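In what follows, a single structure is set out as structure tokens and then discussed.
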Amino acid sequence: MSVHNENVRRVTTHRLTEMKKRGEKISMLTAYDFTMASIIDRAGIDIILVGDSASNVMCGNSTTLPMTVDQMIFMAKSVVRGVKRALVVIDMPFGSYQGNSREALSSAIRMMKETHGDCLKMEGGEEILESVKRVLSAGIPVMGHLGLMPQSINKYGSYAVRATEEEEAEKLIRDAHLLEDAGCFAIVLEKIPARLAAKVAAELTIPVIGIGAGGKVDGQVLVVHDMLGLNNEFSPRFLRKYANLEAIMTEAVAHYVDDVKTGDFPNEREQY
Ligand code: KIV
């Protein structure tokens, strides 16, 4: 188990490239608040993503589309305060970068200035390339995101596996190269066939981080609420649950309710 100490070196985009060269796998999880970010940083995670999946797991929405730049900034500031070692990546929310590269740049600059995060993530390939290049031109590192792109759910109509057909797979490979050539420091591949993800990881020199994309990529990312078992209604095949916090929390809260009702809490030592 890797638990880092206070003097440990920060993870940088450069260190991630070195890790890929050495064949050292990269670990990445989401976090949306100070406490969770502090815990997973101390446990030794390499990258913390302030994901717009907050829309689902923090806000109870059915898609990521409602998230705003203001909301992402609010969460990212809290996460950054809790992190000493990991690289902090922040999702650019739906509507803040698509279709208008000037708006992309001003959203990106605001997000970097106000949060002190390390870099941003954007969903899409060729369609958003101008925005990606413009954000990169300001010296802001960008992580790409291809395959299942939840901000495009209304185009797909479902969260099924992407790029199973040749045409979409070929476009994904082209897009991955476009993003690398533009200067992205890494790419997330979400819910695509493992063989396709392995091919992309082998062709690119930048790290490829998978979620539901098999093991032959350079690292893995999961939504922290999912891997901690905080929501047992969500159990896709790619998800490994490392705890059952829903059960632990339910039992703890029920125990507390019982102690309050019976007058067991607080006792003599728990009062002034
Ligand atoms: O928002 C998010 O949590 C993500 C991950 C699923 C990669 O984009």
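Start at 1 and go down the list; that is how both ligands and their atoms are numbered. Quick caveat, the model's predicted, so the values are computed rather than measured.
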I want to confirm something. Looking only at heavy atoms, which of L49, V57, L29 is nearest to atom 4 (C) of ligand 1? L49
Report the nearest protein non-hydrogen atom to atom 2 (C) of ligand 1: residue, atom name, distance rounded to 0.1 Å. S53 OG, 3.2 Å
For ligand 1, find out whether one of its N or O atoms is nearer than 3.5 Å to an N or O atom of E190. no
So if I apply the side chain to side chain contact (heavy atoms under 4.5 Å, CB included) rule between D52 and each of Q71, M92, E123, which one comes out positive? E123
Would you mind finding which of M149, K121, M28 brings a heavy atom closest to atom 8 (O) of ligand 1? K121
With atoms numbered from 1 as shown, which atoms in ligand 1 lie under 4.0 angstrom from a non-hydrogen atom of H145? 8 (O)
Using only atom types and a distance under 3.5 Å, with no angle test, would you say the side chain of T17 pairs donor to acceptor with the backbone of I206? no
Ignoring hydrogens and angles, state whether a donor on the side chain of Q220 or S27 is under 3.5 Å from an acceptor on the partner side chain. no
When you compare ligand 1 with D91, is there at least one nitrogen or oxygen pair between them that comes in under 3.5 angstrom? yes
R15 side chain vs R9 backbone, donor-acceptor pair below 3.5 Å: yes
Distance flag, aromatic centroids of Y32 and H225, threshold under 6.0 Å: yes
Here's a test for you: under side chain to side chain contact (heavy atoms under 4.5 Å, CB included), which of V89, I40, I90 qualifies with I48? I40
Quick one: does ligand 1 sit under 4.0 Å from the side chain of T30, the backbone, both or neither, non-hydrogen atoms only? side chain
Atom indices of ligand 1 within 4.0 angstrom of I211 heavy atoms, with elements: 6 (C)
Near V223, which atoms of ligand 1 are under 4.0 Å from a heavy atom of that residue? 3 (O)
Using a 4.5 Å cut-off on heavy atoms from C-beta on, say whether the side chain of Y159 contacts that of T63. yes
